[in-house]
2 protein chains.
Amino acid sequence: MSIKQIAEMTGLSMTTVSHAINGTRTVSRRSLALVQEAIEKTNYRPNLAAQMMKTHRSKTVTIIIPETEPNNSTNCFYFDVLNGAKSCLEGKGYELIVSTYPEYDVGKLMKTSVLQHKWIDGILLVPASDRLEDVEPIRAIGLPLVLVDRWVQGCDLPQVTSNNREVSAEAVRLLYQSGGRRIAFIGSQMHNSTALDRFQGYCDAMDELGLKKDESLIFRMPGHSLDYGYEAASSLLERGADAIFAANSTLCLGAMKRLNEKRVSIPKDVSIIGFDDYAWTEVTNPPLTAVTQDANSMGRRASELLLRLIAGEALDNSRISIPAKLTIRQSHGPRGETPSGNTAKATDF
Amino acid sequence: MSIKQIAEMTGLSMTTVSHAINGTRTVSRRSLALVQEAIEKTNYRPNLAAQMMKTHRSKTVTIIIPETEPNNSTNCFYFDVLNGAKSCLEGKGYELIVSTYPEYDVGKLMKTSVLQHKWIDGILLVPASDRLEDVEPIRAIGLPLVLVDRWVQGCDLPQVTSNNREVSAEAVRLLYQSGGRRIAFIGSQMHNSTALDRFQGYCDAMDELGLKKDESLIFRMPGHSLDYGYEAASSLLERGADAIFAANSTLCLGAMKRLNEKRVSIPKDVSIIGFDDYAWTEVTNPPLTAVTQDANSMGRRASELLLRLIAGEALDNSRISIPAKLTIRQSHGPRGETPSGNTAKATDF
């Protein structure tokens, strides 16, 4: 519908209609009501168009997350982040657009269609890397921007992440308390903060426990697939590992698959703790002790910050760390044995 | 930015600016260029606003899916549907808004904020039920609408689903070929088409195989949680089941948890086939034979239909059935035994 059509319907002049829609001059209450009625009667779309021209707000934000292949449990994690964001945003009348980009192709991030159209009010971004230069082009767009799940080195944007480093150290301590001495690390390349923090947590605990960090037991795989976890587990058995901290859920699945195939008893021969917790961890062989992240809270808290930015608040260097915790099952220590008092305390954040 | 401000910047009259933006009268190419330049220079938002007023298109559609609790593998499935939809839509310059509603509260569906705002170009809907009356209010909005994952009884809207009934019958035939005779069904209430079709598939195969459908072995649980699967498995052991078709992944996980706890050997004592396939099915005890749906294709094909509707094509009664298939692992029959030639063929759609 055009201004001309509204003018014809209402019998008002085009100038009056234009002023009514754009708020550029006070029009009579009767005229305003006539224009609103005409808009509602004929077509809903100018509602938003008119509102956007007036307020410069679309009441729509986007969440930009890395692409994952089908059936990958990381999809579960991001869906929970997204649900948390939605629950916060929809209370405030905001819609959420989902965008994705290939994780290993930062250039494509800027080509995300929602950034090309540039009509959104704000961005929740899971950055591809921890390098400031990779997030700068997004920031330069000038829209309210909050980083989620991963932080960026030297960046003063508001950020919401799990306490990856601390909880990873807890996991390694639990492996130690359960008898592990040659504790292996299976993670991915250190190109983003979650990979880095989980490795740092492993190092923190190893140092604190006085254990040697044996490079041959540290696996930085090129990606997150089950196959890479499987491959890592094949090597670490030969290298005498007696425990594994798997810093990602699909790598963990791959490692368990290999151990089960080789009929290595978990946790009798090798204990294992995974990262991220899903319903299936109850039914692995054996049930998996794992780090549980609060993905829903992560999405919700990040959206709260974003709405404050949109409202014009300054939030430089706002950092929120969402506590993750260990969920105790059977893979970390002798089957059927309850963790020691010390361990139980360690899991209580 | 308002029409008035553009007029001031460009030195054109407000009437000319309004005609330029709304396409209500031909303006000179120079004027049009000036207005476009002004819009680009100052604020990106009127771009969409102006375009929407002119074309009545926001180039945005929504996917409406049932809410799921955190860490539920159903999240994985819907995320894959969503990714498929995105990959199709973004090629055509469309954005995708995610909306959710509580599955057991159809009334809330209509209150979904994106439907309240009513400025989207189309809707992909996973309907709550298979009853026409539940989908009618959404259809009455008058926007292009495609049903995804679940169909609705007697409805001529375009629909894209898996071949749930046929693949479920295949699963039951495979359990029979592996020695199952007292084959139990674990599913949810028959309030939507996926639940109904999977049960019908079970019945088809039981009838075809000449097996008695024993009501005491048919479990229609009140929901999809792991606990309900656990509960069902407790009862069916007492009732002499020797095989289980679990029509949902979390129900399947719950059943396996119970069987493992009771140290019932799978598949020696009880064989089991699950519905939906994820990375974790490799590492359950034992690795799970399961139905694999092509969720990504489902999202892509549904989006293709939606874009055709938006373009004005009539697509009444367009139904697309996406082939699902059985992925063979070890839970359906004697461990280590390969399915017979007949079975292998049966999995080949």
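Computed over heavy atoms, backbone and side chain alike; hydrogens, waters and symmetry mates excluded. Below, chain A is the first sequence line, B the second, and so on; all start at residue 1. Worth saying up front: this structure is predicted, and the values here are computed from it rather than measured.
The environment of Arg301(A) atom CZ is sparse: at most 12 non-hydrogen atoms of other residues, nucleotides or ligands sit within 6.0 angstrom.
When Val98(A), Leu82(A), Leu226(A) are compared by the number of non-hydrogen pairs under 4.5 Å with chain B, Val98(A) comes out ahead. For chain A, the option among Ile63(B), Thr100(B), Asn260(B) with the highest count of heavy-atom pairs below 4.5 Å is Thr100(B). The residue among Thr284(A), Asn296(A), Thr15(A) with the most heavy atom pairs within less than 4.5 Å of chain B is Thr284(A).
Residue pairs that meet the salt bridge (charged side-chain N to carboxylate O under 4.0 Å, His left out) test with at least one member in residues 82-93 of chain A, sequence neighbours left out, are Lys86(A)-Glu90(A).
Look at Arg329(B) and Asp277(B) and you find a salt bridge, because one of the NZ, NE, NH1 or NH2 atoms lies within 4.0 Å of a carboxylate O, short of that distance.
Contacts of Leu89(A) with chain B are absent, with no heavy-atom separation under 4.5 Å from either backbone or side chain.
Under the rule for a salt bridge (Lys or Arg N to Asp or Glu O under 4.0 Å), the partners of Glu282(A) that lie at least two apart in sequence or sit in another chain are Lys257(B).
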